[in-house]
Chemist: 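The following block contains the structure, expressed as structure tokens.
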Amino acid sequence: MPDSSGRTHGSAVAVTIAGVAIVSIWEFIGQRWNVLVPEALLHASAVLQCTLIAAVLGVLLGVLVYRSPAGSAIATALTSAILTIPSFALIGLLIPVLGLGVPPTVVALVLYGLLPIVRNTIVGLDGVDPAITDAARGIGMGRAVVLTRVELRLAWPAILAGIRVSTQLLMGIAAIAAYAKGPGLGTEIFSGLVRAGSANATNEALAGTLGVVVLALVVDGIYVIISRLTTSRGIRV
Amino acid sequence: MSETTDQKISGVEIELAEVTKRYAGQKTPAVDGFSMTIPAGETIVFVGPSGCGKTTTMKMINRLIEPTSGQITIGGESALKIDPDQLRRRIGYAIQQAGLFPHLTVAQNIAVVPGLLGWDKKKVRDRVVEMLDLVGLDEEFAGRFPRQLSGGQQQRVGVARALAADPPVLLMDEPFGAVDPITRGNLQDELLRLQAELRKTIVFVTHDFDEAVKLGDRIAVLGNQSKILQYDTPEAILANPADDTVAGFVGAGASLKQLTLMRVRDVELKTDLVTVSTEDTPADVRQKLTNARKTYALVLDRRNRPLRWLHVRELASAGSLATVGRPVGDTVSVQSTLQDALEAILTEGGNAAVTGGRGEYVGTIDIRTVTDTIQQVREEHENDHENSAGGAG
Ligand SMILES: Nc1ncnc2c1ncn2[C@@H]1O[C@H](COP(=O)(O)OP(=O)(O)OP(=O)(O)O)[C@@H](O)[C@H]1O
Ligand SMILES: [Mg+2]
């Protein structure tokens, strides 16, 4: 990896190279299309699968703790603590335990994805008007029914927003998983950065980065649609 | 509501015996040894200051709050031995702000309890239509979401949801507390109409004593820790409050409130007024007035409806009875409250003509009748508190 002096040097070069490269980046993407597309798909698939696992765990955790202020505070603090660990360091720490490849990637991504989901689940469930749950209990809904048919439905917009933020977060972090030989566009970025200075190195890193940005935008658009489809008209803002 | 006793009662008796609730970490219990029998098919109103334990007491009936000790019997069955969720499906529950599910349509909200009880879809659909009609909402509301309704409409849906599975008991915690006075009045009238039809056992909580007087067959005035200060009919409480606290709650104008509870048909009307028909001649009238030693008469039309007040002085210049005299302004019907009658008496100047079901004249009511009636009710209830401390049971 470039040290700090190398980085300033690199960015100074990047401007001039970028000036020349803008034309050739498209060519580069054209040439590498057959590699970039599968990588992008792998990237998206890894992120979405990890988001899904994080969503299940995060909502579960949120549901377990939301009634207790102390539990909520601890869950939020723990998941925030995870987010403060630099992703490089976390993956680095996981490699000796889980080896290279998919396992450390999945574990790291799921852990990073938890915070927004847990926090939004707690906030969303907390925000449900107590009068509504009181009425629900009062007309004979059991605890589980109130949770699944009332509280989670009402908290859903908040939870989905959390999941969306997680996905965005993981899109970027997943690139770093390439360090552990994980799948996705990170491979491009890394090999570009490792070969910094040599021919097409910048293009490679740039193509990977662009791919991540485009993916993120596309997936975000999909979230808008999902949100429309899964939120009751009665609570849509 | 007393006029509907012939209607079939669908409510059941509720009995609370020495019910106590002690919240964790509090020295004094929120409800202390509460005992009360709530007769089947009656509306009982809990009134009392904020924090006195009304909600806590009510919520122990459907076990949203578990009593610390004591017994609760609903329709002869011990409420504490039934699964709470099953119990609650048989007890309607309506609260302030309605507590509707915002993500469900009006129809879906109403259908919740029938759904929990496993009714088939067709039956549920029919029931939703029936309930909307019952609470006076058009069928077009079925597909709307709660936020697309006014506060009063939401409250109606709340009542419809509470009644959807036809529970014998209905608990209402300040259900009309958050709507404007006019809407509240309408909702109260609707509830009275509904209750006249359904005859459920209703426990109703309010801060508003006038609301209690209007809706309650009986009122329980509660003090701190849900102590029953007085449990009696509105008439009895207005006529003779058990103590100063209750009197304070009744507030000023107890007699005027009393007048809202009594109807003209409950009092004896005066029938010594001279009545004449438009076909009589002025000479006939003069004769009648002289015989009766009166100075004025009431002119009736062919169907015996009051037309005009006629003073003997006005006869002199009159050719026929078709036009002379002062038109009758305000009449009261036998259905009117004494309050309405008093209003008519004051505007008519001394007494008011009373009409029957088809508008026909049946007698007059004057200010003496009103004051005597109030006096009489007072006397009836004078000895209410001599042998019962608190008046529970
Ligand atoms: N969940 C609870 N935990 C602890 N104390 C409670 C709880 N609910 C109510 N209390 C206390 O119990 C007492 C009675 O409360 P309750 O809600 O029954 O009063 P209320 O008569 O309904 O008052 P309001 O007219 O303001 O609704 C109050 O002093 C209140 O602070
Ligand atoms: Mg209350």
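Naming: A, B, ... by sequence-line order, numbering from 1 per chain. All values derive from a computational prediction rather than experimental measurement. Below, each value reflects all heavy atoms present in this structure, side chains not excepted, and no hydrogens, waters or symmetry copies.
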Chemist: Are any side-chain N or O atoms of B:Arg89 and backbone N or O atoms of B:Val113, one a donor and one an acceptor, separated by less than 3.5 Å?
Modeler: no
Chemist: Go through it in stages, so that I can follow the logic: the residues are A:Thr51 and A:Ser166, the test is side-chain hydrogen bond (donor to acceptor under 3.5 Å, both in side chains), and I'd like the CA-CA distance, side-chain angles, deciding distance and then a yes or no.
Modeler: CA-CA 7 Å; A:Thr51 308; A:Ser166 275; over 6 Å; no
Chemist: If you count every heavy atom of other residues, nucleotides or ligands that lies below 6.0 Å from B:Arg147 atom CZ, does the total exceed 12?
Modeler: yes
Chemist: Which answer fits B:Phe145, side chain, backbone, both or neither, if we ask what part of it has an atom under 4.5 Å from a heavy atom of chain A?
Modeler: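 For B:Phe145, the contact with chain A is made by the side chain alone.
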Chemist: Between B:Arg144 and chain A, with a heavy-atom cut-off of 4.5 Å, which part of the residue counts as in contact: side chain, backbone, both or neither?
Modeler: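 Neither part; nothing is under 4.5 Å.
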Chemist: Is the CD atom of B:Gln148 crowded by more than 12 outside heavy atoms at less than 6.0 Å?
Modeler: yes
Chemist: Let's test your reading of the structure: which of A:Ala131, A:Gly138, A:Ala135 forms the most heavy-atom pairs below 4.5 Å with chain B?
Modeler: A:Gly138
Chemist: Give, as side chain, backbone, both or neither, the part of B:Ile91 having an atom under 4.5 angstrom from any heavy atom of chain A.
Modeler: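 Answer is backbone: N, CA, C or O of B:Ile91 sit under 4.5 Å from chain A.
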Chemist: Could you check whether any side-chain heavy atom of B:Leu134 comes within less than 4.5 Å of a side-chain heavy atom of B:Leu194, counting everything from C-beta outward?
Modeler: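 B:Leu134 vs B:Leu194: side chains touch.
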Chemist: If I measure from the heavy atoms of chain B, does A:Leu154 come under 4.5 Å with its side chain, its backbone, both, or neither?
Modeler: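 Contact with chain B involves the side chain of A:Leu154 alone.
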Chemist: For the backbone of A:Ile139 and the side chain of B:Arg88, can you confirm whether one donor and one acceptor N or O come within less than 3.5 Å of each other?
Modeler: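 Answer holds: no.
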Chemist: Counting only heavy atoms closer than 4.5 Å, note whether B:Leu100 contacts chain A via side chain, backbone, both or neither.
Modeler: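 Only the backbone of B:Leu100 comes within 4.5 Å of chain A.
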Chemist: Need one label for B:Pro102: side chain, backbone, both or neither, based on atoms under 4.5 Å from any heavy atom in chain A.
Modeler: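 The answer is both parts of B:Pro102.
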Chemist: I'd like to check A:Asp134 versus B:Tyr93 (side-chain heavy atoms, cut-off strictly below 4.5 Å). Are they in contact?
Modeler: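 They are in side-chain contact.
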Chemist: Specify which of A:Arg143, A:Arg137, A:Arg149, A:Arg153 makes the most heavy-atom pairs with chain B at under 4.5 Å.
Modeler: A:Arg137
Chemist: May I ask you to name which of A:Thr231, A:Val145, A:Ile235, A:Asp129 has the most heavy-atom pairs under 4.5 Å with chain B?
Modeler: A:Ile235
